[in-house]
Amino acid sequence: MVKHVLIAAFARAAEQAKNAGKLHFETLPTFTVERPANPAYGDFSVNLAMVLASQAKMAPRQVANTLAEFLQLPERLLERLEIAGPGFINLYLAPTWLHEVVQEIHRQGDAYGRTDVGKGARVLAEYVSANPNGPLSIPHGRGAIIGDVLCNVLAAAGYEVSREFYVNDAATSTQMVRFGESLVIRYLQEFGQQIEFPEDGYHGGYVLDFAQHIKERDGDKYVAMNPAERLELFTQMGKEAMIDWQREVLASFGVVFDRWFCESSLFAENDVAKGLALLQQRGETYESDGAVWLASTKYGDDKDRPLVRTNGRPTYLASDVAYHLNKFERGYQTLIDIWGPDHHGYIARTKASLAALGFSPERLHVLIYQVVRLMRNGEYVMGGKRKGDIILLSELIEQVGRDAARYFFLLRSADSDLNFDLDLAVKESPDNPVYYVQYAHARIASILRTAEERGLTLPDPLATDLTPLGNEAEISLIRRLTDFPEEITTAAELFEPHRLTRYAQDLAREFHVFYDRCPVLKEETPEATRNARLTLVGAAKITLRNVLTLLGVSAPERM
RNA sequence: GCGCCGGUAGCUCAGUGGAUAGAGCAUCAGACUUCGGAUCUGAGGGUCGGGGGUUCGAAUCCCUCCCGGCGUACCA
């Protein structure tokens with residue numbers, strides 16, 4: 001990436017100016033090389049002179065002049081340099097460099113945008129992690145897509161990523177027992193038994209559906225069964241059915257995990273006891289009121305947290321300690337947990353528990369996403385209140401389609417509430433961002449198709465002379481294309497996958513403007529220009545397809 | 001009370017300390033004998049919640065106050 005070349009060149013210029021006695025500073029401050037919002041300020045803008053001014057005891061513009069004097073860059077890269085405003089050094093790159101990027105995109109194809117900034121570091125991302133006692137809801141969908149696309153982005157940035165779903169299936173947990181009981185009651189009711197359904201049971205229709213399924217499949221064989229055994233069996237059957245259902249829905253959403261990690265396995269493998277023992281051994285726990293506590297306040301938590309209840313059962317935190325310990329033991333350098341807004345209170349204790357285990361809490365990144373509100377006809381659709389309202393993730397996908405659902409979940413930053421406009425998501429018009437972007441791709445495909453239909457041989461991108469590309473719309477499109485690797489890197493570093501939807505829209509817009517201004521196949525376009533534009537259009541297609549692929553959204557040839 | 005997330009154009013929201021704060025929608029005004037008008041162009045619209053501070057420079061960092069959402073379990 002050219003940016004890194006520029007950063008290195010400026011750092012070298014500063015050092016050389018220092019050695020020559022023209023500039024004084026102790027350590028080189030961090031500085032930025034960025035694309036200015038206003039294209040009049042060049043391709044890149046450097047703020048080094050300004051951040052260096054106070055140390056150098058010189059006016060920023062004077063520092064800039066000194067830096068410019070010592071700056072060495074390949075001639076084919078830099079066209080000119082300007083010192084502007086309070087001391088910005090603005091760089092105007094040679095068009096030939098931009099032309100080279102277009103060819104580089106063709107050379108790299110599907111790999112364009114990928115970088116190796118992650119250097120193969122192993123990262124484990126855990127997301128969705130729903131309880132195996134019900135269907136996936138809309139918020140799960142948001143978490144699923146944030147996680148899925150973040151993983152795509154990290155992989156593209158050179159990290160080695162694993163995707164994991166944590167199944168909260170601790171067999172003794174009250175919620176799983178309640179779920180099993182509800183299933184048993186529904187089953188017995190099917191055989192005419194008058195059992196009142198408990199207030200705190202699972203009232204969802206899917207419980208009844210599954211009970212009826214068991215009745216059809218196995219008949220009345222469980223009616224006379226020992227109640228304790230039956231509860232255990234039904235809990236297990238229900239859990240497996242729910243996991244299968246969740247896996248199926250997620251797969252239809254394009255979200256596939258490397259591993260479904262069951263909380264119950266932490267007990268089966270004795271990991272929970274091991275984690276507790278380790279904490280005890282490190283002196284991080286104490287007993288009080290008959291319970292075992294983690295001294296989490298020592299590591300910044302508000303209060304100490306129970307690990308083992310008075311009744312002897314470990315808490316959820318105890319499982320979580322074991323799980324995170326397990327993750328580190330599997331060799332992951334960095335852990336990412338993606339949780340809903342109701343879990344933010346757990347960040348402090350989870351990080352504290354890692355610190356207590358002797359791991360740097362910095363290695364765990366917890367991403368909290370905010371609430372999702374579905375909107376139809378300008379009104380909020382309240383989940384589950386009225387018949388016909390969308391409440392399940394599977395129903396959302398059915399109604400708006402996988403592409404729109406995925407795209408819309410990434411329309412906003414995770415930190416913001418998300419108003420999901422159901423009407424807009426299915427609208428076939430340019431105000432629907434996913435259509436707008438996909439249309440740009442289809443339009444490009446159409447140009448290339450038309451060219452072939454007219455019997456034109458598509459030019460070899462690597463052998464085409466691109467010097468005809470020079471007007472504002474062309475240059476602006478190319479610049480946007482050159483941003484792509486940087487966009488991926490930034491999204492990966494900041495854990496902000498939503499940046500890609502914005503980039504996709506910016507790129508699509510840039511293409512539509514180009515399309516409007518620069519005829520490719522029309523009579524009036526000379527052959528040399530036509531070939532250069534066909535090559536540019538091809539590069540735009542590759543980039544658009546690559547960003548859509550990262551988003552898990554299809555890049556249609558026709559719409 | 002404490003904690004987390006928001007507060008930016010009429011609406012929904014971008015904006016990793018930089019130059020004149022952006023986009024979409026909505027409103028108004030334009031562009032099709034043409035490669036896909038599912039597109040493009042232009043205009044109006046802002047005390048970046050209020051107030052202090054940090055610095056060459058703050059929507060961005062710090063302090064404080066106000067408003068909204070969520071959380072504050074020996075539930076998972």
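Proteins get letters first, then strands, A, B, ... in listed order; numbering begins at 1 in each.
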Atom CZ of A:Phe514 to atom C1' of B:C35: distance rounded to whole Å? 10 Å
With A:Phe420 as reference, evaluate A:Tyr380, A:Phe408, A:Tyr407 under the ring-ring contact (aromatic ring centres under 6.0 Å, His included) test and give the passing residue. A:Phe408
Side chain to side chain contact (heavy atoms under 4.5 Å, CB included) against A:Tyr515, all qualifying residues, sequence neighbours excluded: A:Arg443, A:Ile447, A:Phe511
d(CG, A:Leu410; P, B:A23) in whole Å: 22 Å
Rounded interatomic separation in angstrom, taking CG from A:Asn419 and P from B:A14: 11 Å
Tell me whether the side-chain N or O atoms of A:Asn90 pair up with the base of B:A19 as donor and acceptor below 3.5 Å, since no angle test is needed here. yes
Given B:G36, is OP1 or OP2 found less than 4.0 Å from the side-chain N or O atoms of A:Ser446? yes
Figure out the CE/P separation between A:Met559 and B:G37, and round it to whole Å. 13 Å
For the pair made of CD in A:Glu496 and P in B:U16, what is the distance, rounded to whole Å? 7 Å
Qualifying salt bridge (Lys or Arg N to Asp or Glu O under 4.0 Å) pairs, either residue in residues 447-458 of chain A, two or more places apart: none
Base versus backbone protein contacts along nucleotides 53-60 of chain B [heavy-atom cut-off under 4.0 Å; B, S, -]: ---B----
Does OP1 or OP2 of B:G17 have a side-chain N or O of A:Thr32 closer than 4.0 Å? no
Span that lies between the C1' atom of B:C66 and that of B:G49, in whole angstrom: 7 Å
Tell me, for nucleotides 66-76 of chain B in 5' to 3' order, what letter each nucleotide earns: B for a base near a protein heavy atom under 4.0 Å, S for only sugar-phosphate near one, - for neither? ----BSSSBBB
Can you tell me if the side-chain N/O atoms of A:Ser416 get under 4.0 Å from OP1 or OP2 in B:A14? yes
Residue-phosphate contact under 4.0 Å: A:Tyr515 side-chain N/O, B:G37 OP1/OP2: yes
Could you name each residue pair satisfying side chain to side chain donor-acceptor pair (under 3.5 Å) that touches residues 56-67 of chain A, not counting sequence neighbours? none
Taking the side chain from A:Ser413 and the backbone from A:Asp415, do they hold a donor-acceptor pair closer than 3.5 Å? yes
Atom-pair distance (CG on A:Asp423; C1' on B:C25), nearest Å: 14 Å
Between protein and nucleotides 40-45 of chain B, map the contacts as a letter string: B base, S sugar-phosphate only, - none, heavy atoms under 4.0 Å, written 5' to 3'. SS----
With no angle test and no hydrogens, is the base of B:A14 tied to the side chain of A:Ser413 by a donor-acceptor pair under 3.5 Å? no
